[in-house]
Amino acid sequence: MVNGPEIVRARDDLRARVDAWHADGAVVGVVPTMGALHDGHLSLVEAAKRDCDRVIVTLFVNPRQFNSASDLATYPRTEESDAAKLAPFGVDALYAPSVTEVYPAGFCTTVSVAGLTDVLCGAHRPGHFDGVATVVTKLFTQTKADRAYFGQKDYQQLQVVRRMAMDLDLEVTIVGCPTVRETDGLAMSPRNLKLTDEGRAAAPALAREMRTMALQLRRGEPLYALRGAAVERLEGAGFEKVEYLELRGAEDLELLERAVGPARLFAAAWLDGVRLIDNIEV
């Protein structure tokens, strides 16, 4: 039987381990997560294991990035099964701090990244990316990692973290890894677990529409000529609302009408009361 990773709760205990690893010349990688691990998360762990001598997975449901108390309360918390899923990978530590360990009494600092956070999910979830940037900064300083691994499924988050690490001179390399999908094309996410059977059956329509649009955009068609029909088809498939369906620059997230240079198509849509997001390269 393969043992799971050591679970570390306290920042100082983790730092003592990392200091010893660094003293031995080890490169330390971190995979930040909020748990409910799926194959997408595990692909990040695999990438970290390939690149690094020691790997930490963090498990912390960050209250500062939720816009809804009910969403926070119902977010999956599956530490025991998460640890079991990590067992075959030889992860060196699972860092699962308490809320007070990350945000002690009197904590009053917020890390904010302007510009990149004003659009897409940032425009619809006020303060969300402040919560992300703050907790990621804390996790970087607590783990002292040399490399950090994030999925491209949350592409805006990836760009925000890259900008934040660069602007604050944090000595960590940010590594973006490809989105992992179910066999029917749905981007893997813990939120998929909240879908009903009917919703889960309808959910892959989002990725299908985006793939079709990406082909048309590559041929030079403008977004405005494609968006309306795509939204109608999604609503016909059962989606309650398409929050955004936009073409943006891959680096600066500037809004585009045509695919000029590196670009990505971004979408957020509601199904079964669950907010699904996705993006694909154009």
| said: Taking Asp39 first and then Arg181, would you say they form a salt bridge - that is, a charged N and a carboxylate O separated by under 4.0 Å? | reply: no
| query | Are any of the side-chain heavy atoms of Phe266 and Tyr155 separated by less than 4.5 Å? | reply | yes
| field | Minimum heavy-atom distance between Thr179 and Gln152, given as atom pair plus value | value | OG1-C, 3.5 Å
| field | Trace of the side chain to side chain donor-acceptor pair (under 3.5 Å) decision for Thr196 with Asp272 | value | CA-CA 7 Å; Thr196 64; Asp272 270 355; 2.5 Å; yes
| task | Could you tell me whether Phe66 and Tyr75 have their ring centroids closer than 6.0 angstrom? | result | yes
| field | Test: Asp82 and Arg77 ion pair at under 4.0 Å | value | no
| Could you give the distance from CD (Glu6) to CD1 (Ile56), rounded to the nearest 0.5 Å? | 10.5 Å
| Do you know which of Val136, Leu168, Val132, Asp130 makes side-chain contact (heavy atoms from CB on, under 4.5 Å) with Val111? | Leu168
| task | Considering only NZ, NE, NH1 and NH2 on the basic side and carboxylate oxygens on the acidic side, decide whether Asp51 and Arg147 come within less than 4.0 Å. | result | yes
| task | Look at atom CD of Glu101 and say whether more than 12 heavy atoms of other residues, nucleotides or ligands are closer to it than 6.0 Å. | result | yes
| field | Option among Val91, Val28, Asp146 that satisfies the side-chain contact (heavy atoms from CB on, under 4.5 Å) test with Arg54 | value | Val28
| Are the charged groups of Arg9 and Glu79 less than 4.0 angstrom apart, N to O? | yes
